[in-house]
**Q** 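The following block contains the structure, expressed as structure tokens.
Just the heavy atoms: all of them, side chains too, but no hydrogens, waters or symmetry mates, feed the values below. Atoms within each ligand, like the ligands themselves, are counted from 1 in listed order.
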Amino acid sequence: MRVAAIAEPSSFPPPHDSAAAAPAPPPPLPDGRQPWWRVPKQLLRPAAYFEDVLKGRDVAVGQFAVFRDTVFIGSAPLARELLGSEARSGINIGWPPSFVKLIGSHGVSLVADPEAHKQTRALMMPFFSPDAVAAKMPAVQGTARRYLAEWVASPAPFSAYDGMKRFTFDVLVLELGLAAEEVSRMSALFQIWTRGFMPPTVPLPFTPMGKGMAARRKIRDTLLTIFAAGRLPPDGLVARLQAHFGDNTEAVIDNIITLIFAGHDTSSSALTSMLAALAADPRALARLADEQAAVLAAHGEALTPAAVAAAPYATAVIRETLRIRPVVAGAMRTAVRDVELPGGLVIPRGCPMAVAFSAMAAREPAWQADRGEFRPERFLTGGGSGSGGSGGPESLAPQPAGFNPFGIGTRYCLGSHLALAEMGAMVAELGRLGGSHALEVEQPGRWEEFPILRPDNGLPTRFVRKGPRASAAEPAGSVAADARGLCDQPA
Ligand code: HEM
């Protein structure tokens, strides 16, 4: 589709009966189209591509998948208006057919009917609410500690990305109530499945998509075997999906695949970025270590809500990671009818849309001077921490309107609390290690951004034990203490 080129009148509103009364055509949408050779950047560097198209504007026309004219949205208030209620705004999902094939059309993120979407979300919501996630925090923290102890003890560098994938996979499998023996098989299949999103999105036996679809069939078979064994918890998420969808087993499978994809690849990407950022910034790791030493002294080891609240710098590190390396740069939608925007602009019916979350954060006025730097302090206030430091105790600053790493509106991330718990457990435990160990990335590698931000070499990383000063500061009961004796490698 070519969007009214760009001053061409759309068929909306319909023509009146007299020429004199013909309504003025809507003003043209700003043109952000890129030369054809730059369009593949949408896959290689989506966040940068969004900025190229939008150039700081609220809205612009550019090209997206297979060069179709697409309306890009780069304003948080406008996105809030459009995504707040799909029924009212005339916006609905608009993912490419390859996504639908790989994920499955019943998956919550692909359900177009607003009522059916709401119902499917409501089914899953109780398992991802703040209370439900707080109850899971001990298990999430335990899993984080187990992995960190393994990595600290490893004489060879560990692959940070693979490690984070195992960590987040374990957490989700706990959530779904699947047995541990299925984990590694499913995890390996999911790795092949994820590559299925890579172009060319043609399902032939030798293409990534063909292999991804084959992996999907095996994931489906594994899930069917698990269902037949009848050992899933009767009050768990899968049982709830089964009770709701009845004989429609494919709907249950599509939703499990959606949850594993949405909840495992995203979080592991963010966790790997966080590890890379802390390895590159020993000052931030040291500050985390100081904060965690105080948290341990005041609250003990468990990451209770009070212990998390007492560590604003840890939360600031999480937010800064999500800001500087957005995991989900944007989301695809379609205008299901002509959609009128402020200023009389019109998105024609059927037009694809890209809601560019990353471009909204990139426009945030307070961050312009140093937006390329990793600086968690930008999310803090008070305590003389820089911007607006009042000299009082340091706390989290309100989040700016343009910062929406978990999306906006009706399809806001269902698992945001779980993602923040995973990142919170990992950042706290990293801080507890930070007094005694340095974090070193062996080879930074190249970061790929499609289908999800990740290092192409897995990010080989190791913990290196620090000298005597740091060991003295090592808190009892920390991951480092757990791994003592196994990790006494010379620095
Ligand atoms: C750092 C980690 C994560 C990030 C940055 C993230 C980001 C997002 C974003 C931006 C959306 C909205 C997409 C849209 O508007 O179309 C979304 C949706 C979703 N996320 Fe997450 N997510 C993360 C982790 C998780 C986790 C741990 C789960 C847990 C299972 C999860 C489950 C979902 C689901 C099911 C949806 C679809 C919601 C719907 O369509 O109603 N996500 N996520």
Side-chain angles (χ1 to χ4, degrees), residues 46-47 73 76 79-80 82-86 91-96 99-100 103-129 132-133 136 140 164-165 167-176 237-238 241 254-274 317-334 353-358 360-361 403-427 452-454:
I73 306 291
R80 215 156 264 130
L82 294 173
L83 304 184
S85 158
E86 292 173 348
I91 302 293
N92 209 305
I93 45 160
W95 298 102
F99 275 56
V100 182
I103 293 172
S105 59
H106 303 285
V108 62
S109 52
L110 299 181
V111 176
D113 177 66
E115 196 45 43
H117 172 251
K118 204 162 134 190
Q119 278 180 18
T120 314
R121 263 184 88 95
L123 269 183
M124 302 183 186
M125 197 68 98
F127 296 86
F128 297 102
S129 70
V133 170
K136 275 173 228 140
V140 175
M164 293 304 180
K165 283 200 114 172
F167 166 55
T168 54
F169 204 82
D170 277 12
V171 170
L172 264 183
V173 163
L174 276 175
E175 177 60 55
L176 292 170
L237 176 49
V238 178
L241 289 170
D254 291 358
N255 277 293
I256 295 177
I257 291 180
T258 302
L259 285 175
I260 297 182
F261 175 52
H264 152 62
D265 282 309
T266 47
S267 298
S268 43
S269 164
L271 284 157
T272 311
S273 291
M274 189 169 78
V317 166
I318 296 171
R319 289 184 184 168
E320 180 66 343
T321 303
L322 293 171
R323 182 195 71 84
I324 200 158
R325 295 192 181 222
V327 180
V328 182
M332 296 304 292
R333 296 289 188 273
T334 304
M353 297 167 60
V355 185
F357 304 126
S358 57
M360 296 169 200
F403 180 60
N404 300 289
F406 293 106
I408 291 176
T410 332
R411 292 177 189 266
Y412 184 83
C413 177
L414 194 75
S416 63
H417 299 290
L418 182 63
L420 292 173
E422 289 170 335
M423 293 185 80
M426 199 49 93
V427 77
I452 201 106
L453 181 71
R454 69 201 186 284

**Q** Answer whether the closest heavy-atom distance between the side chains of Glu320 and Arg323 falls below 4.5 Å.
**A** yes
**Q** As an exercise, identify every atom of ligand 1 less than 4.0 angstrom from a heavy atom of Phe128.
**A** 29 (C), 30 (C)
**Q** Tell me, which protein residue and heavy-atom name are nearest atom 8 (C) of ligand 1, and how many Å apart are they?
**A** Cys413 CB, 3.6 Å
**Q** Looking only at non-hydrogen atoms, find the nearest pair between Asn404 and Ala76 and report the distance.
**A** ND2-CB, 4.0 Å
**Q** Please examine the side chains of Met124 and Leu237, heavy atoms only from C-beta on, and report whether any two atoms are closer than 4.5 Å.
**A** yes
**Q** Using a 4.0 Å cut-off to any heavy atom of Ser267, which atoms of ligand 1 qualify?
**A** 2 (C), 24 (C), 27 (C)
**Q** Identify which of Leu259, Val355, Leu271, Leu414 has a heavy atom lying nearest to atom 36 (C) of ligand 1.
**A** Leu414
**Q** Could you tell me which atoms of ligand 1, counted from 1 in the order shown, lie closer than 4.0 angstrom to a heavy atom of Trp95?
**A** 16 (O)
**Q** Give me the nearest non-hydrogen protein atom to atom 2 (C) of ligand 1 as residue plus atom name, then the distance to 0.1 Å.
**A** Ala419 CB, 3.6 Å
**Q** Who gets closest to atom 29 (C) of ligand 1 by heavy atom: Gly415, Ser358, Gly94, Ala421?
**A** Gly415
**Q** Taking C-beta and beyond as the side chain, do Leu110 and Ser105 meet within less than 4.5 Å on heavy atoms?
**A** no
**Q** Which residue supplies the protein heavy atom nearest to atom 26 (C) of ligand 1, what is that atom called, and how far is it?
**A** Gly263 CA, 3.2 Å
**Q** Hey, which atoms in ligand 1 end up nearer than 4.0 Å to a heavy atom of Ala331?
**A** 14 (C), 15 (O), 16 (O)
**Q** With a 3.5 Å distance limit and no angle check, can you tell me whether Asn92 reaches the backbone of Glu86 through a side-chain donor-acceptor pair?
**A** no
**Q** Look at ligand 1 and say whether Phe127 reaches it with a heavy atom at a distance under 4.0 Å.
**A** no
**Q** Purely on distance, is any nitrogen or oxygen of Arg121 under 3.5 Å from one on ligand 1?
**A** yes
**Q** Could you identify the single nearest non-hydrogen protein atom to atom 24 (C) of ligand 1 and state the distance to 0.1 Å?
**A** Thr266 OG1, 3.2 Å
**Q** Test side chain to side chain contact (heavy atoms under 4.5 Å, CB included) on Phe261 and Thr266; report intermediate values, then the result.
**A** CA-CA 8 Å; Phe261 175 52; Thr266 47; over 6 Å; no
**Q** State the atoms of ligand 1, each with its element, that fall below the 4.0 Å cut-off from a heavy-atom position in Ala270.
**A** 1 (C)
**Q** For atom 13 (C) of ligand 1, grab the closest protein heavy atom and report residue, atom and distance to one decimal in Å.
**A** Arg411 O, 4.1 Å
**Q** Quick one: do Asp265 and Lys165 make a salt bridge, cutoff under 4.0 Å?
**A** yes
**Q** What is the minimum heavy-atom distance between Val133 and Ala421, and which atoms define it?
**A** CG1-CB, 3.5 Å
**Q** State, yes or no, whether a side-chain contact exists between Arg333 and Leu82 at a heavy-atom distance under 4.5 Å.
**A** no
**Q** What atoms in ligand 1 come closer than 4.0 Å to a heavy atom of His117?
**A** 39 (C), 40 (O), 41 (O)
**Q** How close does the nearest protein non-hydrogen atom get to atom 37 (C) of ligand 1, and which residue and atom is it?
**A** Ser109 CB, 3.8 Å
**Q** Is Val355 close to Met360 at the side-chain level, that is, under 4.5 Å between some pair of heavy atoms?
**A** yes
**Q** Checking Ser273 side chain against Ser269 main chain: does a donor-acceptor pair fall under 3.5 Å?
**A** yes
**Q** Could you tell me, atom by atom, which parts of ligand 1 come under 4.0 Å of a heavy atom of Gly407?
**A** 10 (C)
**Q** Please examine the side chains of Thr272 and Arg454, heavy atoms only from C-beta on, and report whether any two atoms are closer than 4.5 Å.
**A** no
**Q** So which bit of Phe261 gets within less than 4.0 Å of ligand 1, heavy atoms only: side chain, backbone, both or neither?
**A** neither
**Q** Which of the numbered atoms in ligand 1 are below 4.0 angstrom from a heavy atom of Pro405?
**A** 5 (C), 7 (C), 10 (C)
**Q** Hey, are the side chains of Val140 and Phe167 touching, using non-hydrogen atoms and a 4.5 Å cut-off?
**A** yes
**Q** Of all the non-hydrogen atoms in the protein, which one sits nearest to atom 33 (C) of ligand 1, and at what distance?
**A** Ala262 CB, 3.5 Å
**Q** Which residue supplies the protein heavy atom nearest to atom 15 (O) of ligand 1, what is that atom called, and how far is it?
**A** Arg333 NH2, 2.8 Å
